[in-house]
Amino acid sequence: MCTHPLGNPCLLGVQYAAFMTTQSFLNQPQIDAVEHLGSPLLVLAGAGSGKTRVITFKIAHLIREGGIAPRNIAAVTFTNKAAREMKERLAGLLEGKTTHGLMVCTFHSLGLTMIRAEHRHLGYRRGFSILDPQDSETVLRELTQKESSDYDVPALQWRISTWKNNIISPQQAQTQVEDDTSFNQAKLYARYQRQLLAYNALDFDDLIMQPVHLLSQYADIRQRWQHSIRHLLIDEYQDTNVGQYLLMKLLMDKRDGLTVVGDDDQSIYAWRGARPENISLLGRDFPNLKIIKLEQNYRSNDRILKTANRLIANNPHLFEKQLWSDQGLGDFPRIIPCKSPQQEAQHIVGDILRLRFKRRDNFSDYAILYRSNHLAKPLEQALREHHIPYKLSGGMSFFERAEIKDLIAYLRLLVNPEDDPAFLRIVNTPRREIGPATLEKLGIYATQRNKSLFMASQELGFTQQLPTHARLRLEQFSSWLQAMKNRTANENPANLTRRVIDDIAYADWLRNTSKNQKTAQKRLENVQELLDWMARLTAEKNASAGLSDIVGHMALLDIIDRHQDERTIDAVNLMTLHAAKGLEFSCVWIAGLEEELLPHHSSLDGAQLEEERRLFYVGITRAKEHLTMSFAASRTRYGEQLACRPSRFLDELPQEHIVWADEVTRTNSTKTRETGKAHLANLKAILDH
DNA sequence: ACGCCACCTATTTTT
DNA sequence: TAGGTGGCGT
């Protein structure tokens with residue numbers, strides 16, 4: 001074993017010494033994983049065991065030692081943030097070495113790249129658009145309005161997404177349905193797909209599904225991509241869904257260059273299609289699969305790990321894992337019973353102030369986690385009272401903001417004249433007094449002739465049907481668009497965008513439509529930020545990036561670095577347990593540990609209960625040094641004051657390693673060694689009376 | 001285009 | 001209970 005760096009025979013060779021000293025060293029299983037070649041590899045990496053380090057070092061190893069060209073390596077993550085961080089770490093490792101052609105991106109971005117190259121086989125034309133879920137909802141609304149006005153569009157959207165995630169075609173869907181409702185949904189699915197093709201547009205799910213079709217239907221395409229991607233590395237493998245699994249399988253085809261890293265105990269996204277069982281499928285589909293476990297945790301102290309281990313031992317496991325740490329036992333994780341959410345919040349805030357005074361660290365080292373968003377409210381209130389800065393995760397992302405979506409819609413339309421959803425979004429933004437009557441006529445004309453709205457709006461055959469004033473306005477808009485479009489080939493994307501903004505007097509429009517000055521200001525800043533990004537991006541890519549490249553990736557948000565404001569603000573982190581995955585904090589509070597909240601009342605049995613347990617597990621393993629868990633004895637829910645029971649998961653913790661604080665009885669003492677079970681019984685008695 | 005009222009619902013959310 | 005939404009009236 002070589003956990004110690006000095007005089008160590010099992011480092012990755014002297015060549016690595018140079019950058020190993022600036023990075024951290026690897027332990028033996030990590031080295032095994034990095035150096036393993038010759039068969040597909042599954043790395044079962046516990047929380048905090050350095051899985052990303054394994055992937056980045058392995059990529060570096062492949063390039064430096066294996067003589068593999070970067071363009072033959074692809075590393076796939078689930079979030080843009082993870083991809084960005086991986087790129088940064090790689091840049092550190094491979095200083096000087098060229099990484100040209102190396103792909104470090106999300107599954108969706110990989111899919112987009114493939115579709116870009118092969119779109120003709122799918123019947124798409126270049127410049128196709130990516131619709132976000134809001135756009136596709138609008139398309140579905142339009143499609144269903146003709147049937148009935150009160151159609152359950154979200155249910156349909158969810159259904160279609162599930163089909164696509166499972167790589168089920170509209171035709172297959174129609175043969176598989178059980179009842180009238182779903183038969184109807186399957187028919188609408190088919191119409192939706194036709195509609196997208198007509199718009200020359202794809203939705204997010206298509207970015208996985210279409211590449212799977214391409215690879216499974218065309219042997220030559222499959223061979224080309226298999227030749228191109230010789231090494232595929234996948235992070236957070238437990239989160240792959242059916243489509244992503246198939247994509248991986250088609251790309252690798254039993255070859256040796258596959259490395260997947262995952263943790264079945266951190267699978268918390270089954271509810272949206274993730275298949276943690278893909279971990280066991282791997283052994284079936286890749287018979288010579290090598291498995292390496294990473295069990296040393298570099299994040300937390302041992303009491304926190306013992307707490308996590310004991311909890312998760314209540315779940316069935318295919319591969320047993322025991323996290324351990326050499327960082328000492330550390331403090332006792334604490335459980336704080338509280339009377340109310342308000343008292344709970346007060347307690348946490350008091351804790352934070354006390355700890356920060358004692359530790360002299362940053363607010364950003366602290367996180368408060370909870371199962372669902374509404375639990376943040378009392379916490380926010382208490383933090384505000386005490387003037388503690390906090391950062392709330394969730395909320396509207398940059399690209400969901402109306403002003404950003406407007407501008408992207410303009411760009412989308414310039415790249416793809418068939419993009420009717422984009423046309424409809426901007427035709428009256430800002431106001432051009434092109435009303436519903438005109439648009440309806442335009443729509444009918446376009447549909448009859450199988451043309452896009454933009455194209456139809458330029459045709460004399462159509463505009464001559466309109467009353468003079470409407471005709472003039474539409475002609476003006478349409479010819480302006482055409483003029484802009486003619487510039488797309490030569491002008492750089494950032495300048496073109498600026499020109500659009502100026503021409504449409506977008507700043508004025510934002511000022512006029514915003515509720516107050518402050519929001520107007522904020523929106524203008526967002527627009528400026530978008531412009532800056534585009535300018536930077538164009539500069540970086542040596543102007544080789546066409547507008548269509550940029551616009552395509554904008555929909556995926558993956559070219560944007562948004563960490564600048566996050567790193568400067570020192571604030572306590574408030575987030576859901578889901579949002580906390582992959583992060584770590586010195587001190588963590590988990591609030592609202594009550595039955596019906598965690599486990600959530602809709603997930604009280606079977607596989608769902610196990611996922612709730614994993615969610616708690618993820619929360620616990622975020623903490624490096626301090627862990628505090630709390631619950632309230634009563635809580636207002638749906639307008640009613642309800643008594644709450646502590647979460648069953650608290651009973652599953654190793655009581656010898658945790659401390660229950662006595663808040664309910666209002667004594668401030670803590671009982672260190674009393675067994676929690678007895679304590680819980682006490683508490684229940686108190687709560688009953 | 002906007003504002004008001006009545007009604008409905010209430011888990012997690014990336015791309 | 002509260003916040004978001006859809007319909008309606010101005």
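Bear in mind that the values here come from a model prediction, so they are computed numbers and not experimental data.
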Q) Among L577(A), L593(A), I268(A), which one satisfies side chain to side chain contact (heavy atoms under 4.5 Å, CB included) with F616(A)? A) L593(A)

Q. For the pair made of OH in Y269(A) and C1' in dT15(B), what is the distance, rounded to whole Å?
A. 12 Å

Q) When the distance from CG of D132(A) to C1' of dT14(B) is rounded to whole Å, what number comes out? A) 12 Å

Q: Let me know the distance between CD1 of I115(A) and C1' of dT15(B), rounded to the nearest Å.
A: 12 Å

Q. Taking only side-chain nitrogens and oxygens of N80(A), does any of them come within less than 4.0 Å of OP1 or OP2 of dT14(B)?
A. no

Q) Considering heavy-atom distances to DNA chain B, does L615(A) or N428(A) have its closest nucleotide positioned more toward the 5' end? A) N428(A)

Q) Quick one: which of R272(A), K581(A), R275(A) gives a salt bridge (Lys or Arg N to Asp or Glu O under 4.0 Å) with D239(A)? A) K581(A)

**Q.** Carboxylate-amine/guanidinium contact R645(A) E596(A), below 4.0 Å
**A.** no

Q.
Whether D508(A) and R511(A) form a salt bridge (side-chain N of Lys/Arg under 4.0 Å from carboxylate O of Asp/Glu) is what I want to check.
A. yes

Q. Which whole-number value in Å describes the distance from K81(A) NZ to dT15(B) C1'?
A. 16 Å

Q: Before accepting this row, confirm whether a basic side-chain N of the pair R89(A)/E85(A) lies closer than 4.0 Å to the acidic partner's carboxylate O.
A: no

Check the interface with nucleotides 8-11 of chain B: list each N/O to N/O pair with the protein under 3.5 Å, or write none.
from	atom 1	to	atom 2	distance (Å)
dT11(B)	O4'	H600(A)	NE2	3.1
dT11(B)	O2	R371(A)	NH1	3.0
dT11(B)	O2	R371(A)	NH2	2.0
dT11(B)	O4	S602(A)	OG	3.0

Q.
Keeping H600(A) on the side-chain end and L597(A) on the backbone end, is there a donor-acceptor pair under 3.5 Å?
A. no

Distances under 3.5 Å between protein N/O atoms and the N/O atoms of nucleotides 3-5 of chain C, please, pair by pair.
from	atom 1	to	atom 2	distance (Å)
dG3(C)	OP1	K377(A)	NZ	2.9

**Q.** Interatomic distance where CG belongs to D239(A) and C1' belongs to dT12(B) [whole Å]
**A.** 13 Å

Q.
Filter on salt bridge (charged side-chain N to carboxylate O under 4.0 Å, His left out), then keep only pairs touching residues 422-433 of chain A, sequence neighbours left out; what's left?
A. D406(A)-R425(A)

Q: Under 4.0 Å between any heavy atoms, over every strand shown, what does R431(A) touch: base, sugar-phosphate, or nothing? Just pick one.
A: sugar-phosphate

Q. Does a side-chain N-to-carboxylate-O contact under 4.0 Å join E594(A) and R637(A)?
A. no

Q: Write down the distance between CZ (F204(A)) and P (dT15(B)), rounded to a whole number of angstrom.
A: 8 Å

Q: Write down the distance between CG (D205(A)) and C1' (dT15(B)), rounded to a whole number of angstrom.
A: 9 Å

Q. In whole angstroms, how far is the P atom of dT12(B) from the CZ atom of R614(A)?
A. 18 Å

Q: Rounded to whole angstrom, note down the C1' distance from dA2(C) over to dT13(B).
A: 23 Å

**Q.** SB check R614(A) E611(A) (cutoff 4.0 Å)
**A.** yes

